[in-house]
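Step one of this worksheet: look at the structure below.
Throughout, a chain's letter reflects where its sequence line sits, starting with A, and its residues are numbered from 1.
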Amino acid sequence: MKIPPVKGTRDFYPPIMAVRNTLTDGWKAASIRNGFEEYDGPIFEMLKMYQVKSGDEIVEQLFSLQDRGGRDLAIRPEITPTLARMVNQQINALPRPIKWFSVPRLCRAERPQKGRLREFFQWNIDIIGIEEVLADAEIIFCAVDYLRSVGLTDKDIVVRVSSRRMLAEVLKAIGIREDQLDPLYALLDKINKLPPEAFEEKLVELVSDSGQRDKIQALMQAQSIEAVAQVTTLTDAARSAVDELNRLFDTLNTMGISDYCIFDISIVRGLAYYTGVVFEIYDREKTLRAIGGGGRYDNLLKQFGGPEVTATGLGMGDCVLGILLEEKGLMKDLPTRNLDFFVACADAQYEAKAIEITAILRSAGKITNYSYKTGALGKQFKQASEQNASKTIIVGSEVENGQLAIKDMASGEQTLVDWANFVGQLG
RNA sequence: GUGGAUGUAGCUCAGUUGGUUAGAGCACUGGUUUGUGGUACCAGGGGUCGGGGGUUCGAGUCCCCUCCUCCACCCCA
């Protein structure tokens, strides 16, 4: 019986695995050089954990199961709730600031399409306990640092940055009530997806006052933070939110990444828990969905039963990023093996010697393979090439004199060496 | 969840108005080559034509259902 793979999943054959490792290793390296520590949690959590933050719609997109004790569990669709749980559990023992990263495997029961599968990897970095926008700047810098390290330039990608807090305060200054904000965010987030008439139509449903609507329309047209400040008379709170976003851009400039970052008022982000800076990373042509996104969430720990602690972070999935790197030609064919030595055996009578030599090389930390079939030496050289061996050792009649032939596969040069000396130099 | 497109060898694809034993390139295995690879030449293995049902003397080809993949919408933590 042939059993098909599960919808929306991928099989990582060695060449694809090499690509995946390149992505995840790059994420880890960028995290570490930016001063983050790695953590991970379980692959499933209590189903409840994902119901706290959001409604049933999200629960519908979960893979859930019951254990034999009847507990409702879910495979993690994101790792932020786990992070919140873990941090809450040890909140008094953890030195601040908490700078943690993770590269979890996540599952969501969504319909697969371009850049979105049911199982994927997502880079997460979070800074917990720092209120200043410096932390938001650090998150953005770390993301850009990574993207730059894989060869993407400011011609390829852009970080679109805004502030939930600024948006909220300016809307309130316009006269929008607190309880109107959440549905309004959902609409404003779609401004570039909806035709202008449809947007206006839906805006009328949410905001009855035409003067307020005009100001909201003007606000959404703002191309700069200054333009936002001119939409209406700012309250002190709004002024402070504007100043904060300006400070963020100043810091991004100091960090040398302002070419990668632009202000974009339409970045609101779907869900309710963002409280300050929000951003999304896109390809410049915007032909793909967002590569990653994040922002400040000040209430999350509290929602999971902890104290009120400020936090900011980012998530970046492997699917869209992989497509972009492929399109930009930055995903080279990666070797799945890189041997230091391939041990070829010229004659079956020396096979034991070849095995012994291989074992010695491996024990000395050298990446070594040998052929399971002695016989045609040409075949063995072919294998050595296929396995990207840098040197091939020929075990043949020379061993009678304690010698071996070593061929450099790149230059083709071959030398006879004294085996005992060679082993002595391995350490 | 809604709508559209697709499915032939491991991969990329040919396959005529329905007609005998379904092909190519690449990949794989073996050989040319019992002391020398990355290029060459020769040979070989590999297909229930996504699955099921129907029309027909006859279906890879036409019809219906279903599954997968892709694309758009919904959603996007």
Look through every strand shown and name the nucleotide pairing with B:C41 as Watson-Crick or G-U wobble, where both distances are under 3.5 Å.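 Looking at the geometry, B:C41 pairs with B:G31.
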Could you check which nucleotide pairs with B:A24 in any of the strands shown, counting Watson-Crick or G-U wobble with both distances under 3.5 Å? B:U12
Quantified in whole Å, what is the [atom1] atom distance between nucleotide [N] and nucleotide [M]?
N: B:C63; M: B:C26; atom1: P; result: 35 Å
N: B:C76; M: B:A14; atom1: C1'; result: 41 Å
N: B:U34; M: B:U39; atom1: C1'; result: 23 Å
N: B:G31; M: B:G47; atom1: C1'; result: 26 Å
N: B:G1; M: B:G46; atom1: C1'; result: 41 Å
N: B:C70; M: B:G58; atom1: P; result: 38 Å
N: B:C13; M: B:G7; atom1: P; result: 10 Å
N: B:C49; M: B:C68; atom1: C1'; result: 16 Å

Check the phosphate of [N] against [X], side-chain N and O only, distance under 4.0 Å to OP1 or OP2. Yes or no?
X: A:Lys114; N: B:U69; answer: no
X: A:Arg269; N: B:A77; answer: yes
X: A:Lys373; N: B:G30; answer: yes
X: A:Lys193; N: B:C74; answer: yes
X: A:Lys190; N: B:C75; answer: yes
X: A:Lys7; N: B:U69; answer: yes

Short side-chain donor-acceptor distance under 3.5 Å, [Y] and [X]:
X: A:Thr22; Y: A:Asp25; result: no
X: A:Asp264; Y: A:Tyr282; result: no
X: A:Ser102; Y: A:Asn124; result: no

Would you say the base of [N] and the side-chain of [X] have a donor-acceptor pair closer than 3.5 Å?
X: A:Ser385; N: B:G37; answer: yes
X: A:Ser397; N: B:G35; answer: yes
X: A:Lys379; N: B:G37; answer: no
X: A:Arg108; N: B:C75; answer: no
X: A:Glu398; N: B:G35; answer: yes
X: A:Gln61; N: B:A77; answer: yes

Evaluate A:Trp27 against A:Phe121 for ring pair (Phe, Tyr, Trp, His ring centres under 6.0 Å), listing each step before the verdict. CA-CA 11 Å; A:Trp27 283 340; A:Phe121 295 84; 8.2 Å; no
May I ask you to decide whether A:Glu386 forms a salt bridge with A:Arg337, counting only side-chain N to carboxylate O separations under 4.0 Å? no
Run the salt-bridge test on A:Glu37 and A:Lys99 with the 4.0 Å N-O cut-off and return the result as yes or no. no
How many Å lie between CG on A:Asp11 and P on B:C11, as a whole number?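 Taking CG of A:Asp11 and P of B:C11, I get 12 Å after rounding.
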Would you kindly give the NZ-to-P distance between A:Lys382 and B:C28, to the nearest whole Å?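 My rounded result for the distance is 8 Å.
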Looking only at the side chain of A:Arg111 (C-beta and beyond, no hydrogens), which of the listed nucleotides B:G1, B:U36, B:A77 gets closest?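 That would be B:G1.
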Just call it for A:Gly412: base, sugar-phosphate, or nothing, with non-hydrogen atoms closer than 4.0 Å on any strand. base
